[in-house]
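Notes for the one structure printed next.
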Amino acid sequence: MSTNDIIMLVTILAYLVAMVTVGIRFSNKNKNVSDFYLGGRNLGPIVTAMSAEASDMSSWLLMGLPGVAYLSGVAEASWTAIGLAIGTYVNWLIVAKKLRNYSQICNNSITIPEFFSNRYRDNSRVIMGISAVIILVFFVPYTASGFAACGKLFSSLFGIDYHLAMIISAIIIMCYTSIGGFLAASTTDFVQSIVMTIALVSIVIFGVNAAGGLDAVAANAESLAGYLSFDKLHDAVTGGTSDYGALKIVSTLAWGLGYFGMPHILLRFMAIQDGNKIKISRRIATVWVVISLAVAIFIGIIGNAATKAGVLPLLEGADSETVVIQFASALTKLSAVGAILAGIIISGIFASTMSTSDSQLLAASSSVSEDLFRGVFKRNFSEKASMLTARITLVLIAAIGVVIAWNKDSSVFRIVSFAWAGFGATFGPSMLAALFWKRSNKYGIIAGMLAGGITVFVWKYCISPLGGVWNIYELLPAFIVATLFIVVVSLLTKAPEDEITEEFEKVKAIK
């Protein structure tokens, strides 16, 4: 390992130590389970905005999205980004404040499953149980993909064994999250969003110069068939193109529908201290997301040009997701300053991964300890025992994530897209119905969640492989199916009790 490699490693380690320190600092602020999982509803507007978006933009922002753009051009990456940008804004606009108010009025609900259960007065806790299982099914592998990304990162840069690097990364994330809970996760996410921003800007500046300037980048992109087209995909193997038709575009835009069902983002809405300051959060979050997504796609385009210029090696298949890592390696070879900057860039990838993984661990942990143990199985613990249960559950879930991440041959982008579809189709229509449709009832919500979840699996593994018009992103058909089930079943079954509708009107009246 060269001197510059050591400098880069020290920079990364300093960042990781800082994150654990934040967890320790907030450990004494968790007086009860509500504090641990929701921070006592005490987040300010800036931290709320940036932590929500940092937890949203997982490792795929600095790995998956640039990798897609590097290989096939702007079509898939851009339509995905446009869908996400629209979804981000609309989610903040119509869901954030209403969920903040409704969840507090609904017996101060601190988890998404608990909110659904309290909203519909589901004394049987069936909704809570189904919701908790859904979170586990989709969050554990989602979290595992983050651990895997960290493992690949260290392995690629320093030649460290993948499994060892992945385990160490998981332990660091687990430590600061289990110690500091939601406040630690939200604060570190805020810091990580800043680090991610620095990483994105640094790569663009270095990459453009390394590739020979903006003119060289543009010339390379224009020379590749279909690379800059919004209705064609460039084929890196044959040099030809394939169609990216209207139906495919619509289904890709459907990424934005996923926001209505993302527990780790919705929890930020529930945790903000003052609902009247959500407008500030919305503006900050939307601007950051739009810029970050655009820059991430541009990095993929720059990376392709840098490969043509001989600065980066040729990246094929899943290796395209290491384009940012390759830029960091090139920076390290320049100077000690370059090594420090490379360390910040790699910390940015860690930031994007950790900011999502910590939030997912908390959401999955709360599903087991709060929703299943205390809610469904009615195991009443003291506050001290509840805190211990929460932390033990979080550690166990992280351990399962490590086991799932043991196989490193996977695409970050594809894993994230499947989990995103799962949450979007199961919780998205249910959340919109809970917040905006007074006639919806628990039977419709149960039917919608089950139908949405089943459709995601069936479409992904049975229908989409048929190709043609069927080869669309599974979130769109699953979201539609879930919505139809909620509407039809709610209308065919008993209307909600007066107590439920009166509470709905009470929330509706809040300005």
Side-chain angles (χ1 to χ4, degrees), residues 56-85 87 142 145-146 148-149 152-153 196 199-200 203-204 207 217 220-221 224-245 248-256 258 289-308 312-327 348-349 352-353 356 409-421 460 464 471-475:
D56 165 23
M57 299 298 164
S58 59
S59 54
W60 75 274
L61 177 67
L62 289 172
M63 294 182 73
L65 197 60
V68 170
Y70 177 97
L71 278 184
S72 59
V74 302
E76 182 176 9
S78 294
W79 288 118
T80 299
I82 292 170
L84 290 174
Y142 201 157
S145 73
K152 290 179 183 180
L153 190 58
M196 289 160 67
L200 288 166
I203 295 167
V204 168
V217 173
N220 176 71
L224 301 173
Y227 199 79
L228 296 179
S229 172
F230 281 84
D231 61 358
K232 302 283 185 182
L233 290 178
H234 173 71
D235 190 324
V237 177
T238 66
T241 64
S242 58
D243 291 333
Y244 203 78
K248 193 72 173 177
I249 290 172
V250 171
S251 73
T252 305
L253 285 171
W255 270 79
V289 164
V290 170
I291 294 174
S292 297
L293 291 172
V295 172
I297 295 171
F298 189 42
I299 286 172
I301 298 172
I302 295 170
N304 195 295
T307 294
K308 184 68 67 67
L312 301 185
L314 178 63
L315 305 174
E316 300 177 326
D319 287 340
S320 65
E321 294 183 344
T322 67
V323 59
V324 171
I325 300 174
Q326 299 300 331
F327 271 128
I349 299 179
S352 63
T353 302
T356 302
D409 296 325
S410 59
S411 167
V412 173
F413 186 87
R414 303 305 169 193
I415 293 176
V416 170
S417 71
F418 180 69
W420 189 270
K460 173 72 173 178
S464 185
N471 185 25
I472 61 176
Y473 184 30
E474 56 271 17
L475 173 54

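All values below were derived from every heavy atom in this structure, side-chain atoms included, with hydrogens, water molecules and symmetry-related copies excluded.
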How long is the gap from [atom1] on [X] to [atom2] on [Y], to the nearest 0.5 Å?
| X | Y | atom1 | atom2 | result |
| --- | --- | --- | --- | --- |
| W255 | Y473 | CH2 | OH | 4.5 Å |
| D231 | T241 | CG | OG1 | 9.0 Å |
| N220 | T307 | CG | OG1 | 8.5 Å |
| L475 | L253 | CG | CG | 11.5 Å |
| L314 | Q326 | CG | CD | 10.5 Å |
| I472 | I249 | CD1 | CD1 | 13.0 Å |

Please name the pair of heavy atoms, one in [X] and one in [Y], separated by the smallest distance, quoted to 0.1 Å.
| X | Y | result |
| --- | --- | --- |
| V290 | A85 | CG2-CB, 4.0 Å |
| G303 | L312 | O-CD1, 3.9 Å |
| N471 | S464 | OD1-OG, 3.0 Å |
| I302 | G207 | CG2-C, 3.4 Å |
| L84 | L293 | CB-CD1, 4.0 Å |
| I299 | P66 | CG2-CB, 4.3 Å |

Polar side-chain atom of [X] near backbone of [Y] as donor-acceptor pair, under 3.5 Å:
| X | Y | answer |
| --- | --- | --- |
| H234 | G226 | no |
| K248 | E76 | no |
| S292 | V289 | no |
| Y70 | L315 | yes |
| Y227 | A69 | yes |

If the plane angle is over 60° it's perpendicular, under 30° parallel, otherwise tilted; pick one for F230 and W79.
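The arrangement is perpendicular - the two ring planes meet at more than 60°.
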Between S72 and Y244, does the side chain to side chain donor-acceptor pair (under 3.5 Å) criterion hold? Intermediate values first, please.
CA-CA 11 Å; S72 59; Y244 203 78; over 6 Å; no
Would you please test I297 and L65 for side chain to side chain contact (heavy atoms under 4.5 Å, CB included) and show each step?
CA-CA 6 Å; I297 295 171; L65 197 60; 4.0 Å; yes
